[in-house]
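Below, chains carry the letters A, B, ... as their sequence lines are ordered, and counting in each starts from 1. Since the structure is predicted, the reported quantities are computational estimates derived from the model, not experimental observations.
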Amino acid sequence: MPNAISELVSKRLTPMSANPVVTRFAPSPTGYLHIGGARTALFNWLFARGRGGKFLLRIEDTDRARSTPEATEAILKGLTWLGLDWDGEPISQFERADRHAEVAHQMLAEGNAYKCFSTQDEITEFREAARAEGKSTLFQSPWRDADPASHPDLPYVVRLRAPRDGQTVIKDQVQGDVTWSNDQLDDMVLLRSDGTPTYMLAVVVDDHDMGVTHVIRGDDHLANAARQMQIYHAMNWDVPVWAHIPLIHGPDGKKLSKRHGALGVEEYQAMGYAAAGMRNYLARLGWSHGDDEFFTDAQAKEWFGFDGIGKSPARLDFKKLENICGQHIASANDDELLSEIVAYQSAIGAQPLSEEKKSALYAALPLVKSGSKTFGQLLEKSHFVLGERPFTPDEKAAKNLDNVSRGILTELTPHLQNASWSRDALEAAVSAFAEANDLKLGKLAQPLRAALAGRTATPSVFDMMIVIGREETLARLADVKI
RNA sequence: GUCCCUUUCGUCUAGUGGUUAGGACAAUGCUUUUUCACAGCAUAAACACGGGUUCAAUUCCCGUAAGGGAUACCA
C-alpha cells in the first residue's frame, strides 16, 4: 500500500525558504477581478516582491463553459491598474490538460489511483440516501479494490486512492495546524469520465511544475489543501508552504455581493480611487504591521509577512478607503498623479484633456491634491483651470454672486488691476479693500471665488489668481460685472 | 447533517497571565481658516456569553451562541 503512512503533514516555513520564493495568483476567468481576488493577488505580490521572488499568474480556465477571454482580459487589466506586475506570461491551465492527465495516469500505474465506474446517478442516489439517514455522505467507491479483470467496458473516472486511516494535517502559516481525520476525506476524482482533469489535480500539478513555493489564497481553499496534500504525497512531491487568508466581507458583514463591494477593480478605478491608496488599504485589510496605517509600496514589501495576517474576515470600509486614497493623492508625485488622472478620465469615458488643459491642471495640482480623496474630487476642485469662460456658477456659487456681491467685485477690480501679481500683494490688496469697506475677508472671498471658479469648493482665491494669471482673473471678474 | 475556521470600540486593527486595553477610519464638539477640504485638540466608543485553570484571565482550557467556509465528474 503506497499510502500506508498514517499521517500526512505539510510543512511550515522550512529551511527551504532560503530558496527563491515563487508565488502565484490563479484566478478563474469567469468574471471580473473582484476585490477579494485583488487582495489575494496583492498579498502574493507583496510576499514575492519583498523577498526578491517571482510572482506568477495562472489562468484557471478549465471550466470551458464559464471561462471567457473577455474575463481574462478584464483580470489582467485590473491587475495592471492596481500596479501588480507578474513575471513571465500568464499560464493557461486548460492548455496543460495533457500534462495533468499524464500525472493521473502515472498515479494509476503506481496504484495511487484507480478507475471508478460508478455513474453520477448512482453516487447522487447514495448521497441522498445517506443524508436522509443522517449518515456520512462521503462516497466510497466499490471499485477501489475491485479486480481489474472485473472492469466493464464503460466510461470511468480516475479517483485518488486516498488513505482511509490516520490524519492529514496542514501546517498553515495563518490558520496554524489544521487537522482532518482521513476518513473525512473521500477519494476525489482526478480525471473526469471524458478524460479531462479536475481542478484539484490541475492545481497541484501546475503549482508543482511552476515551482510554486508559497501558496497564498483565500481560506475557502483550506479544506482543499488537505486533499491536495494527498496528491502531493502520492506523487512524492515537495509540498508548498500554505497560507490561507480570511475572506473579505461587505460592509454589512455578509458575503460580498454586487450591492456592496464585489465590484470589478475597474469599478474602483472609475470611482476615482488612486491605485497606490487601493494597495495600501487592501494590504491593511486583514494584515497589519503594528499601528502603521499609511505606507508606501516599498514599506509594504519590506514589512509584509505571514505573522501580520489576521485570522478573521474583514469588512470593506469605503470611508477608510477614501481616507487612505486621499493621503496617497496628497503625497503623490505630480507627474505620476497627472498621468493617473488622465487614465482615470479615459476609464470613465470622459473627454481627454487638451495639452493646454493638462498643463493648466499640472500647475494647479499642488493646490488641489491635499484635500481630495478621489480623482473626481480633485477634478472638481480643479474646475477653475479646467472650465472655460464665461463660467456658469453652480447652485451654491450662484448664491455668492447676487447683485450686491457683484457690485463689490466690480469695485474691487481696479485694486487688482494695479496690484503686483504675487500672492502676498494680492492678499494685501484684497485685505486692504475689505478693511476700507468695512467687510470681512470672507464676505469678499466668497464672491471672488464664485467669480473665478464658478464653484464653492476651490483652493485659496489668491492661489487661484496666481495660477490663472492677471489677465484671466480680470476677464473672469469682468464676466460677472454688473 | 458532517468537517474546518473565526469572534477586542460602529469599522480596520495593536496588545498582554497583572495595562488608565493603544492606534486609525467614521461620529460628535472645539480651534484654525477666504469656502470645501486639510491640519490640530478634545469627547464618546470594545475584549460575544458561560464555565473552569490561576493569587490574578481580554490573554490559557472546555463548552454555548453567532458568523463564515468546505462538503461536486465547479474552480
J.: Could you measure between the two P atoms, the one in B:G15 and the one in B:G51, and give it in whole Å?
T.: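 Taking atom P in both B:G15 and B:G51, they lie 29 Å apart.
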J.: Identify whether any heavy atom of A:Glu293 sits under 4.0 Å from a base atom; if not, whether one sits that close to sugar-phosphate; answer base, sugar-phosphate or nothing.
T.: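 Answer is base: heavy atoms of A:Glu293 come under 4.0 Å of a base.
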J.: How far, in whole Å, is B:A26 from B:A44 if one measures between their C1' atoms?
T.: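 Roughly 13 Å separates the two C1' atoms.
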J.: Between B:A72, B:U13, B:A75, which nucleotide has the shortest distance from any of its atoms to the side chain of A:Ala314?
T.: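 So the nucleotide nearest the side chain must be B:U13.
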J.: Once you apply the 3.5 Å cut-off to both distances, tell me the Watson-Crick or G-U wobble partner of B:G63, or none.
T.: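 Per the H-bond distance test, B:C49.
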J.: B:A75, OP1 or OP2 - any side-chain N/O from A:Thr62 closer than 4.0 Å?
T.: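 Answer yes for this pair, as a side-chain N or O of A:Thr62 is under 4.0 Å from OP1 or OP2.
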J.: My understanding is that a pair needs two contacts under 3.5 Å, Watson-Crick or G-U wobble. By that rule, which nucleotide pairs with B:U32?
T.: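 When the pairing criteria are applied, nothing turns out to pair with B:U32, so the answer is none.
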J.: Ignoring hydrogens and geometry beyond distance, is a side-chain donor-acceptor pair present between A:Asp194 and A:Thr196 at under 3.5 Å?
T.: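 Side-chain D/A pair, A:Asp194 to A:Thr196: present.
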J.: Taking the P atom of each, how far is B:U53 from B:U59, in whole Å?
T.: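 Approximately 15 Å lies between the P atom of B:U53 and that of B:U59.
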J.: Below 3.5 Å is the cut-off: list the nitrogen or oxygen pairs between protein and nucleotides 2-6 of chain B, distance only.
T.:
| residue | atom | partner | partner atom | Å |
| --- | --- | --- | --- | --- |
| B:U2 | O2' | A:Gln184 | OE1 | 3.3 |
| B:C5 | O2' | A:Gln175 | OE1 | 3.1 |
| B:U6 | OP1 | A:Lys311 | NZ | 2.6 |

J.: Using a 6.0 Å distance limit plus a 45 degree cone around the ring axis, check whether A:Arg64 lies over the aromatic ring of A:Phe94.
T.: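 Because its charged atom sits under 6.0 Å from the ring centre and within 45° of the axis, A:Arg64 does stack over A:Phe94.
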J.: Between A:Asn112 and A:His233, does any side-chain donor sit less than 3.5 Å from a side-chain acceptor?
T.: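 Per modelled atom types, A:Asn112 and A:His233 side chains form no pair under 3.5 Å.
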J.: Classify the side chain of A:Arg449 versus the base of B:U34 as yes if they form a donor-acceptor pair under 3.5 Å and no if they do not.
T.: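 Looking at the base of B:U34, it does pair with a donor or acceptor on the side chain of A:Arg449 (distance under 3.5 Å).
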J.: For B:U16, give its Watson-Crick or G-U wobble partner with both distances under 3.5 Å, or none.
T.: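 B:U16 is unpaired by these criteria.
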J.: For B:A56, which nucleotide in any strand shown is its Watson-Crick or wobble partner with both distances under 3.5 Å?
T.: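 Pairing partner: none.
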J.: Strictly by Watson-Crick or wobble contacts shorter than 3.5 Å, is anything paired with B:A72, and which nucleotide is it?
T.: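 Partner of B:A72: none.
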J.: For a quick check, tell me whether the side chain of A:Lys320 and the base of B:A24 share a donor-acceptor pair closer than 3.5 Å.
T.: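 For A:Lys320, whose side chain was compared with the base of B:A24, there is a donor-acceptor pair (under 3.5 Å).
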J.: Using the salt bridge (Lys or Arg N to Asp or Glu O under 4.0 Å) rule, pick out the option among A:Arg159, A:Arg144, A:Lys115 that qualifies with A:Asp187.
T.: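 Exactly one candidate clears the test, A:Arg144.
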J.: Considering every strand shown, what is the Watson-Crick or G-U wobble mate of B:C25 when both distances are under 3.5 Å?
T.: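 Partner of B:C25: B:G10.
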J.: Is the distance from OP1 or OP2 of B:U71 to the nearest side-chain N or O of A:Arg227 less than 4.0 Å?
T.: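 For B:U71, OP1/OP2 do not have a side-chain N/O of A:Arg227 under 4.0 Å.
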J.: May I ask you to say what A:Gly326 touches in the nucleic acid, namely base, sugar-phosphate or nothing, with a heavy-atom cut-off under 4.0 Å?
T.: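 No contact.
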J.: So what does A:Arg58 touch, heavy atoms closer than 4.0 Å: a base, only the sugar-phosphate, or nothing?
T.: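 Counting heavy atoms under 4.0 Å across all strands, no contact is made by A:Arg58.
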J.: Does B:C38 have a Watson-Crick or wobble mate here (both distances under 3.5 Å), and if so which one?
T.: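 Base partner found: none.
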J.: From the options B:A70, B:G22, B:A72, select the nucleotide whose nearest atom is closest to the side chain of A:Ala223.
T.: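 Minimum distance to the A:Ala223 side chain belongs to B:A70.
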J.: By nearest atom, which of the nucleotides B:A70, B:U34, B:G22 is closest to the A:Asn224 side chain?
T.: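 Looking only at heavy atoms from C-beta outward on A:Asn224, the closest nucleotide is B:A70.
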J.: Is any NZ, NE, NH1 or NH2 atom of the basic residue among A:Glu128 and A:Arg131 found under 4.0 Å from an Asp or Glu carboxylate oxygen of the other?
T.: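 A salt bridge is absent here (no side-chain N lies under 4.0 Å from a carboxylate O).
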J.: Contact class for A:Phe462 (heavy atom, under 4.0 Å): base, sugar-phosphate, or nothing?
T.: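 A:Phe462: base contact, heavy atoms under 4.0 Å.
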J.: Might you list the N or O atoms of the protein lying below 3.5 Å from N or O atoms in nucleotides 36-43 of chain B, with each pair's distance?
T.:
| residue | atom | partner | partner atom | Å |
| --- | --- | --- | --- | --- |
| B:C36 | O2 | A:Lys381 | NZ | 3.1 |
| B:A37 | O2' | A:Gly371 | O | 2.5 |

J.: Has A:Arg470 got a side-chain atom pairing as donor or acceptor with A:Gln417's backbone, closer than 3.5 angstrom?
T.: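 Such a contact is found between A:Arg470 side chain and A:Gln417 backbone.
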